[in-house]
Peer 1: 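Following this message is one structure expressed as structure tokens.
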Amino acid sequence: MRIGCPVCGDRDAHEFTYQGDGSRTTPPLDADQDQWFAHVYERTNPMGRHTECWLHTGGCRAVLIVERDTVTHEIFSVRLAGAQAAIHDEEAGQ
Amino acid sequence: MALRTSRAGAWVRCGSVGEACSSPDHANGNGGVIRTASIFLMFLRKILYYHHICELWIIVVRGGDEALILTDRYSVLSLLGEALRGNRGWKRAWRAAEPKPQYDVVIVGGGGHGLATAYYLAREHGLHRVAVVERGWIGGGNVGRNTTIVRSNYLLPENSRFYEKGMTLWEQLSRDLNFNVMFSQRGTLNLAHTPGQMDGYARRGNAMRLEGIDAELLGREEVRKMVPDMDYSDQARFPIAGGLLQPRAGTARHDAVAWGFARAADRLGVDIIENCEVTGFIRSGERITGVETTRGRIHAGKVGVAVAGSTSEVMRRAGIERLPIESHVLQAFVSEPLKPLIDTVITFGAGHLYISQSDKGGLVFGGDIDGYNSWAQRGNMPVHEDVISSAVTLFPNLARVRLLRNWGGIMDMSMDGSPIITPGPLPGMYLNSGWCYGGFKATPASGWCFAWTIARDAPHDLNAAFTLDRFAKGRVLDEKGVGPAPELH
């Protein structure tokens with residue numbers, strides 16, 4: 001399996017550390033128990049297209065949001081997560 | 001009785017023919033060797049002749065209808081009898097059952113756990129109108145994809161009690177099922193490589209002993225005496241400090257476990273329906289009252305789901321979108337057959353590796369899951385490299401051994417590494433899941449507890465802690481204390 005890192009290019013999955021479901025969003029700190037429970041413990045765990053986080057441990061150390069098929073391991077899209085994405089876009093613009 | 005008479009008759013007739021043929025040797029009195037040879041020949045003729053007579057008997061007298069005299073129970077006598085008649089009379093291990101429209105209980109998933117559940121429902125709770133529906137074939141899922149290890153060396157009392165129940169069931173299983181599951185109590189040895197790990201194992205061993213489970217803490221020399229082929233040199237990257245041994249642990253033949261439970265359940269009236277995928281659930285209001293399958297609708301008083309790695313997708317068909325489960329792929333490996341090298345089960349403490357040797361001589365081993373959500377029953381190369389390098393680190397003499405085959409299975413990784421056996425989450429439904437990669441050893445205990453839970457609508461004491469709501473209530477059973485990260489359990 002190879003992941004195309006937007007910063008470093010196409011690299012072996014060996015270089016990356018999996019960080020789980022990337023479709024989750026952290027609830028606000030004052031959110032109720034149920035919201036926090038859902039965030040920490042519950043997963044949709046789809047068979048097929050899955051959005052997930054990968055940390056490029058052996059490269060730029062950026063967190064990537066990867067869309068991957070969990071059956072075929074085909075990767076549909078890779079982008080930088082959150083604030084990093086904005087910084088990357090800005091630098092690319094300069 | 002008719003068969004017995006016929007066999008006796010056949011022996012008499014064979015005997016008379018054999019004696020006539022061997023008479024010349026007797027006459028010239030040439031002594032022992034010829035005499036022995038002639039007796040042997042006579043015996044051989046008797047067997048061959050007996051075999052033919054039996055066949056003739058079946059064909060002529062019974063009109064070729066072998067079904068009436070099929071051998072069912074396995075024993076030394078039936079084995080011998082069948083050997084003599086060319087193994088033509090064995091009864092099918094389980095019927096190819098057609099789905100009926102209604103059952104008391106339908107179990108979704110014909111793996112080890114599903115079959116064991118059906119067996120214990122029939123045996124312990126008197127429920128005989130039970131069906132097991134399986135998408136593929138019996139033995140094609142995780143029950144045929146594991147590394148066959150059976151143990152109960154857990155730290156937390158909820159886990160150790162449950163797995164120890166399993167161990168006592170394993171010890172009787174071949175007799176209970178009338179099927180040799182080849183349970184071999186060759187021991188499981190967890191290696192320690194640091195003083196800290198030795199302390200950890202002392203703690204775990206003491207916890208086990210407090211639950212009445214056998215555990216022995218071994219020093220380096222005791223480990224060396226037990227398994228002399230590991231790397232004890234000064235150059236060892238991870239020197240062996242000692243280990244925790246559970247002598248009653250060991251291995252069982254995984255296919256035999258599936259076949260044995262299937263056959264025993266079948267004999268108690270359970271319908272095992274293969275090639276029958278559950279596509280949906282029948283509801284009456286909130287209550288689940290059956291399953292929609294590729295072979296039609298099947299109504300049921302209760303529906304149990306025991307589908308391991310497929311839990312999330314099957315439950316989605318019942319409208320449950322989110323569960324504390326992730327599906328991950330775990331690989332296992334078998335080497336080419338070798339002469340006896342490892343007569344126990346060894347786990348490496350400085351990486352993740354468990355290794356044993358099958359009766360055929362192949363080294364059976366595995367390590368970590370691949371570490372990312374996967375529904376593919378195959379893995380990737382980084383884990384090959386990791387597992388194999390651990391094996392060679394531990395046993396340098398394996399460096400040139402060739403790998404024969406490897407495969408992957410989909411694990412239902414729970415958020416705390418412990419299983420879920422519970423009524424619900426919907427009325428009329430029961431869930432058995434979250435086995436991570438420890439499901440095989442749990443097969444009988446899981447079936448036993450799940451059957452109890454289904455039959456009585458409440459968990460047994462042994463699985464009372466394995467609820468689905470324990471995550472929300474903060475009563476997680478995190479054996480390793482790694483938190484809600486399924487890829488780390």
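Heavy atoms only: backbone and side chains are in, while hydrogens, waters and symmetry mates are out. Within every chain, numbering begins at 1; the chains are lettered A, B, ... in the order of the sequence lines, protein sequences first and strands thereafter.
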Peer 1: To the closest 0.5 Å, what do you measure between OG (S374(B)) and NE2 (H50(A))?
Peer 2: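 Output value for this atom pair is 11.0 Å.
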Peer 1: For residues R322(B) and T44(A), report the shortest heavy-atom separation together with the two atoms involved.
Peer 2: NH1-CG2, 3.8 Å
Peer 1: For Y41(A) and M415(B), which heavy atoms make the closest approach, and how far apart are they?
Peer 2: O-CG, 3.2 Å
Peer 1: Establish, from distance only, whether the side-chain atoms of D370(B) and Y18(A) form a donor-acceptor pair under 3.5 Å.
Peer 2: no
Peer 1: Heavy atoms under 4.5 Å from chain A: which residues of residues 476-487 of chain B carry them?
Peer 2: V476(B), P484(B), E487(B)
Peer 1: With a 4.5 angstrom heavy-atom cut-off, which part of W54(A) approaches chain B: side chain, backbone, both or neither?
Peer 2: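 Only the side chain of W54(A) comes within 4.5 Å of chain B.
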Peer 1: Please indicate whether R135(B) has more than 12 foreign heavy atoms, meaning atoms of other residues, nucleotides or ligands, lying under 6.0 Å from its CZ.
Peer 2: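 Open: at most 12 neighbouring heavy atoms sit under 6.0 Å from CZ of R135(B).
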Peer 1: Checking heavy atoms, do the side chain of E385(B), its backbone, both or neither come under 4.5 Å from chain A?
Peer 2: side chain
Peer 1: Can you tell which of D21(A), D69(A), T70(A) has the highest number of heavy-atom pairs within less than 4.5 Å of chain B?
Peer 2: T70(A)
Peer 1: For the residue pair Y372(B) and H73(A), does the interplanar ring angle fall in the parallel (under 30°), tilted (30 to 60°) or perpendicular (over 60°) class?
Peer 2: perpendicular
Peer 1: Sort out for me which of R68(A), E42(A), M47(A) touches chain B most, counting heavy-atom pairs under 4.5 Å.
Peer 2: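 The option with the most such pairs is M47(A).
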Peer 1: Would you say W375(B)'s side chain and P46(A)'s backbone share a donor-acceptor pair under 3.5 angstrom?
Peer 2: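 Flag set: sc W375(B) to bb P46(A) pair under 3.5 Å.
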Peer 1: Which pairs of donor and acceptor atoms, one on a side chain in residues 24-34 of chain A, lie under 3.5 Å apart (sequence neighbours left out)?
Peer 2:
unit_1, atom_1, unit_2, atom_2, d
R24(A), NH1, H39(A), O, 2.5
D32(A), OD1, D34(A), N, 3.4
D32(A), OD1, Q35(A), N, 3.0

Peer 1: Please classify the contact of E313(B) with chain A as side chain, backbone, both or neither, using a heavy-atom distance under 4.5 Å.
Peer 2: side chain
Peer 1: Please round to the nearest 0.5 Å and tell me the distance separating atom CD1 of I325(B) and atom CZ of R43(A).
Peer 2: 11.0 Å
Peer 1: For N380(B), which atoms come within 4.5 Å of any heavy atom of chain A: side chain, backbone, both, or neither?
Peer 2: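 N380(B) touches chain A through side-chain heavy atoms alone.
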Peer 1: Would you mind reporting whether L323(B) and N45(A) have side-chain heavy atoms less than 4.5 Å apart?
Peer 2: no
